[in-house]
Number of protein chains: 2
Amino acid sequence: MAEPSIPRATAKRLPIYYRYLKFLLDAGKTRVSSTELSDAVKFDAATIRRDFSYFGALGKRGYGYDVESLLDFFAKILNQDTLTNVALIGLGNLGHALLNFNFHKNSNVRVSAVFDINQELINTIQSGVPVYDIKDMVNQIQDQRIEIAILTVPQSEAQATTDLLVKAGIKGILNFTPLRVTVPEKVRVQNVDLTNELQTLIYFIENYSEQSIN
Amino acid sequence: MAEPSIPRATAKRLPIYYRYLKFLLDAGKTRVSSTELSDAVKFDAATIRRDFSYFGALGKRGYGYDVESLLDFFAKILNQDTLTNVALIGLGNLGHALLNFNFHKNSNVRVSAVFDINQELINTIQSGVPVYDIKDMVNQIQDQRIEIAILTVPQSEAQATTDLLVKAGIKGILNFTPLRVTVPEKVRVQNVDLTNELQTLIYFIENYSEQSIN
DNA sequence: TGATAATTGTTTTTTGTTTCACAAATAAAT
DNA sequence: ATTTATTTGTGAAACAAAAAACAATTATCA
Ligand SMILES: NC(=O)c1ccc[n+]([C@@H]2O[C@H](COP(=O)([O-])OP(=O)(O)OC[C@H]3O[C@@H](n4cnc5c(N)ncnc54)[C@H](O)[C@@H]3O)[C@@H](O)[C@H]2O)c1
Ligand SMILES: NC(=O)c1ccc[n+]([C@@H]2O[C@H](COP(=O)([O-])OP(=O)(O)OC[C@H]3O[C@@H](n4cnc5c(N)ncnc54)[C@H](O)[C@@H]3O)[C@@H](O)[C@H]2O)c1
């Protein structure tokens with residue numbers, strides 16, 4: 001990708017812009033201004049314009065942005081034409097919810113393989129996706145060329161499972177366990193710590209008076 | 001609360017420190033240094049020392065921090081002695097996972113009331129928690145003095161449900177729907193956008209070479 | 001066509017956060 | 001005791017992001 005390394009904060013907002021633009025297109029809107037976008041996605045209009053400007057002059061002064069062409073542009077940026085397969089490790093409560101949801105419908109991502117130790121699940125198809133024995137994970141991930149994993153095993157298994165994922169050559173892990181796993185530099189970990197989100201929300205409510213957190 | 005308004009970035013890390021300190025205490029460790037903490041929670045040691053220093057001089061030079069007293073201190077800061085009841089709105093895939101998990105075991109938070117429109121669920125007890133009709137939500141939330149809600153309804157219902165929550169006087173919403181809901185200033189919304197997390201992770205892997213995101 | 005309104009793109013300013021680097025304090029070792 | 005090792009707490013520097021402000025451009029309408 002030739003993009004001149006956009007700020008991380010901007011990168012995190014891109015899928016949100018993309019999603020809302022898709023909604024606008026479906027709703028038949030042809031143009032949109034940074035102010036309208038701001039109302040919908042709750043980022044400052046100046047922030048939105050700045051974000052877009054990293055990719056060049058996408059809008060038209062006095063007019064706004066053309067929904068369709070902006071959407072096309074973001075589709076390319078976000079590689080929306082290629083479907084990314086991800087592995088789900090640990091098909092318990094949370095794993096089932098995520099699998100059942102399967103991102104696919106609304107995005108370019110889908111869970112294409114599941115791994116677990118539970119013999120009752122192994123070699124079954126769940127929500128259309130095959131469940132494999134964790135013992136076969138390294139081989140399967142390599143054979144299927146999967147680069148991203150969603151980790152929903154018990155905390156006690158988190159580091160050992162991560163080590164296997166690293167061995168399999170995974171590049172990114174969406175980690176739902178509360179353990180901050182250790183990985184080599186080249187592997188990227190995105191932690192989703194739900195207990196922390198909730199506790200932080202409570203702390204903010206009790207100790208701050210002003211608005212939003214994200 | 002008397003705390004002199006700690007930086008937001010610090011506040012978000014507090015529950016993570018607390019959790020790890022609890023682990024250390026259980027493991028029988030009596031002292032810990034910022035470097036050891038750094039290895040475990042993956043924040044820079046200087047960041048950790050700076051974070052702690054907002055609350056005063058909690059450590060001892062040449063020694064580190066006393067696990068037990070630091071833990072006690074954070075327990076107070078985070079109000080760990082009082083149990084916070086939260087409402088869960090929408091008992092579908094994700095709602096079930098969260099309810100079943102119920103934060104309680106590891107934290108001072110628990111889901112104490114569930115709301116849904118599904119007649120098969122209404123007036124049943126699920127994972128020990130009563131499920132109420134969404135029609136009774138405003139009254140129930142007020143009667144039970146619940147201030148925090150977890151929102152796991154379909155996106156199409158998100159804004160209408162939020163409006164009800166606001167009417168009920170809720171103070172904070174942990175929003176799992178992809179919609180960026182609109183609320184009055186006084187209400188705090190914490191968005192957990194799982195599709196976005198995954199897409200961002202993929203974007204980072206494809207476009208950046210360096211490490212971590214959080 | 002010219003005036004007015006809208007809206008971008010970008011420069012500047014402000015705010016917030018992380019990291020460095022080191023003096024001060026303490027512990028441990030000799 | 002004195003020296004050597006650690007390790008904190010923090011001022012200052014560096015970095016990153018958000019917001020404000022506004023000139024430039026374009027659309028629209030009289
Ligand atoms: N459920 C939630 O709402 C929730 C909320 C916050 C955090 N989490 C975290 O997410 C993780 C999963 O939570 P859950 O509630 O789904 O747990 P769970 O116990 O319901 O599911 C865990 C699954 O992992 C499988 N498993 C166990 N060891 C394994 C191994 N070595 N390899 C592969 N699979 C293995 C089990 O068979 C089970 O299917 C936990 O770390 C939990 O702390 C969950
Ligand atoms: N399941 C996931 O893994 C996942 C992942 C990302 C985002 N989400 C988001 O989380 C939300 C919930 O997802 P889900 O998979 O659990 O959906 P779901 O359809 O399984 O569950 C939705 C629940 O909400 C109830 N409901 C519907 N309308 C309601 C109303 N007006 N008031 C109260 N309850 C109502 C339904 O009866 C159902 O029980 C959705 O917005 C979804 O986009 C889910």
Side-chain angles (χ1 to χ4, degrees), chain A residues 3-14 16-17 21 24 29-67 69-70 73-74 180 200 204 207-208 210-214, chain B residues 3-14 16-17 21 24 29-67 69-70 73-74 180 185 191 200 204 207-208 210-214:
Chain A
E3 317 307 338
S5 223
I6 274 22
R8 278 144 192 271
T10 297
K12 289 192 199 181
R13 288 186 289 263
L14 298 181
I16 295 175
Y17 296 138
L21 287 169
L24 286 179
K29 278 209 90 192
T30 58
R31 60 185 272 194
V32 66
S33 70
S34 58
T35 320
E36 283 176 88
L37 279 172
S38 174
D39 289 343
V41 301
K42 320 288 180 197
F43 307 128
D44 191 276
T47 299
I48 293 174
R49 292 200 300 279
R50 156 62 102 274
D51 283 349
F52 290 1
S53 80
Y54 289 117
F55 299 98
L58 307 178
K60 223 174 177 180
R61 290 167 196 230
Y63 176 91
Y65 301 89
D66 178 71
V67 172
S69 60
L70 193 57
F73 190 84
F74 276 110
R180 319 283 295 199
T200 300
F204 272 73
N207 296 279
Y208 294 71
E210 340 77 65
Q211 176 71 336
S212 212
I213 302 178
N214 301 288
Chain B
E3 317 308 338
S5 225
I6 272 26
R8 278 144 192 271
T10 297
K12 289 192 199 179
R13 288 187 288 262
L14 298 181
I16 294 174
Y17 295 139
L21 288 169
L24 286 178
K29 278 210 91 195
T30 57
R31 61 184 271 194
V32 66
S33 71
S34 57
T35 320
E36 285 175 87
L37 279 172
S38 174
D39 288 343
V41 302
K42 320 287 181 200
F43 308 127
D44 190 276
T47 299
I48 294 173
R49 291 202 300 278
R50 164 80 70 213
D51 282 350
F52 290 2
S53 80
Y54 290 117
F55 299 99
L58 306 178
K60 223 175 178 179
R61 289 164 197 231
Y63 176 89
Y65 301 88
D66 178 72
V67 172
S69 62
L70 193 57
F73 190 84
F74 276 110
R180 321 282 295 198
E185 274 240 350
N191 297 300
T200 301
F204 272 71
N207 297 279
Y208 294 71
E210 338 79 66
Q211 176 72 332
S212 212
I213 303 180
N214 300 290

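Keep in mind that what you see is a predicted model, and the values were worked out from it rather than measured. In the text below, chain A, chain B and the rest are named by the order of the sequence lines, each starting its count at 1.
Atom CG of L21(B) sits about 5.0 Å away from atom CG of L70(B), to the nearest 0.5 Å. The CG atom of L14(B) lies 9.0 Å from the CG atom of N207(A); values are rounded to the nearest 0.5 Å. The structure places CG of D66(B) at 11.0 Å from CG of L58(B), a figure rounded to the nearest 0.5 Å.
Annotation: of the two residues near DNA chain D, D51(A) and V32(B), the 5′-most nearest-nucleotide partner is V32(B).
T10(B) comes within 4.0 angstrom of nothing in the nucleic acid, heavy atoms only. In this structure, T35(B) reaches neither bases nor backbone, as no heavy-atom distance under 4.0 Å exists between it and the strands shown. Backbone-only contact: Y65(B) has heavy atoms under 4.0 Å from sugar-phosphate atoms and none from a base.
Of all non-hydrogen atoms in G59(B) and Y65(B), the two that sit nearest each other are CA-CD2, 3.4 Å. When all heavy atoms are compared, the tightest approach of T200(B) to A11(A) is OG1-O, 4.3 Å. In this structure, Y63(B) and R31(B) approach most closely via the heavy-atom pair O-NH2, 3.0 Å.
Side-chain atoms of S33(B) lie closest to dT8(D) of the nucleotides dG9(C), dT8(D), dA20(D). Listed nucleotides dA21(D), dA19(D), dG9(D) differ in distance to S53(B); the shortest reach to its side chain belongs to dG9(D).
Nucleotide dT11(C) holds its P atom 8 Å from the CZ atom of R50(A), rounded to whole Å. Atom CD of E36(B) and atom C1' of dT8(D) are 14 Å apart (whole Å). Note: CG (L37(A)) to P (dG9(C)) measures 12 Å, nearest angstrom. Atom P of nucleotide dG9(C) and atom CZ of R49(A) are separated by 9 Å, given to the nearest angstrom. Whole-Å rounding puts the K60(A) NZ to dT26(D) P distance at 8 Å. Between the P atom of dA19(D) and the CZ atom of F43(A) lies a distance of 11 Å, rounded to the nearest Å. dT10(D) atom P lies 14 Å from atom CZ of F55(B), rounded to whole Å. Whole-Å rounding puts the R13(A) CZ to dA19(D) P distance at 9 Å.
Taking a pair to require two hydrogen-bonding distances under 3.5 Å in either a Watson-Crick or a G-U wobble arrangement, dT26(C) remains unpaired. Of all nucleotides present, only dT10(D) satisfies the Watson-Crick or G-U wobble test against dA21(C), with each distance under 3.5 Å.
Considering only side-chain N and O atoms, T47(B) lies nowhere under 4.0 angstrom from the phosphate OP1 or OP2 of dT18(C). In terms of phosphate contacts, S34(A) brings a side-chain nitrogen or oxygen within less than 4.0 Å of OP1 or OP2 of dT8(C).
Ring planes of F52(A) and Y17(A): perpendicular class, angle over 60° (limits at 30 and 60°).
Sorted by first then second residue, the salt bridge (charged side-chain N to carboxylate O under 4.0 Å, His left out) pairs that include residues 32-58 of chain A, not counting sequence neighbours, are R13(A)-D51(A), K29(A)-E36(A).
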Short heteroatom pairs, N/O only, protein and nucleotides 3-6 of chain D, under 3.5 Å:
none

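In dA5(D) the base sits syn relative to the sugar, since the glycosidic angle is no further than 90° from 0.
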